Amino acid sequence: KGGDLMAFSADGRYIVKELNRTDHESLLRITVSYVNHIFSGDTLLCTFYLHFMDCENEKTYVVMRNLLQRRGPFAGLYDL
């Protein structure tokens with residue numbers, strides 16, 4: 001699992017991540033409960049701002065908040 005493309009915005013505040021078909025379908029399935037949970041204000045989940053498809057290549061992407069904007073004493077950084 002993994003290997004999907006990921007890019008950071010110039011200011012480091014956002015991550016744009018390519019989604020594989022399984023992740024795309026899972027995100028569609030949980031959207032309503034995810035949004036309700038995020039708006040409850042009582043969450044540690046990362047905020048997703050945009051979920052979209054590039055019509056030219058039919059690849060799907062998500063734009064999310066980058067929780068690790070600063071350099072830290074990290075031994076490793078993983079995309080879960």
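Just so you know, these numbers come straight off a predicted model, no measurement behind them. Here, residue 1 is the first one in the sequence, and each next residue gets the next number.
- Applying the 4.5 Å side-chain rule to ILVMFWY residues, one finds that M53 remains a lone member of its cluster.
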Which donor-acceptor pairs under 3.5 Å do side chains of residues 36-47 form with protein atoms, sequence neighbours excluded?
| unit_1 | atom_1 | unit_2 | atom_2 | d |
| --- | --- | --- | --- | --- |
| N36 | ND2 | V32 | O | 3.3 |
| H37 | NE2 | T43 | OG1 | 3.1 |
| S40 | OG | H37 | O | 2.6 |
| S40 | OG | D42 | N | 3.3 |
| T43 | OG1 | L45 | N | 2.9 |

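- With sequence neighbours left out, S9 forms a side chain to side chain donor-acceptor pair (under 3.5 Å) with D11.
- The CG atom of D54 sits 10.0 Å away from atom OG1 of T60, with the distance rounded to the nearest 0.5 Å.
- In this structure, NZ in K59 is found 14.5 Å from NE2 in H24, a value given to the nearest 0.5 Å.
- Through direct or relayed side-chain contacts under 4.5 Å between Ile, Leu, Val, Met, Phe, Trp and Tyr, Y61 connects to Y14, V16, Y49, L50, F52, V63.
- Members clustered with L5: none, using a 4.5 Å side-chain heavy-atom cutoff among hydrophobic residues.
- Through side-chain heavy atoms spaced under 4.5 Å, either directly or across other Ile, Leu, Val, Met, Phe, Trp or Tyr residues, L28 is tied to no other residue.
- Applying the side chain to side chain donor-acceptor pair (under 3.5 Å) test to R29 and every residue at least two apart in sequence or in another chain returns S26.
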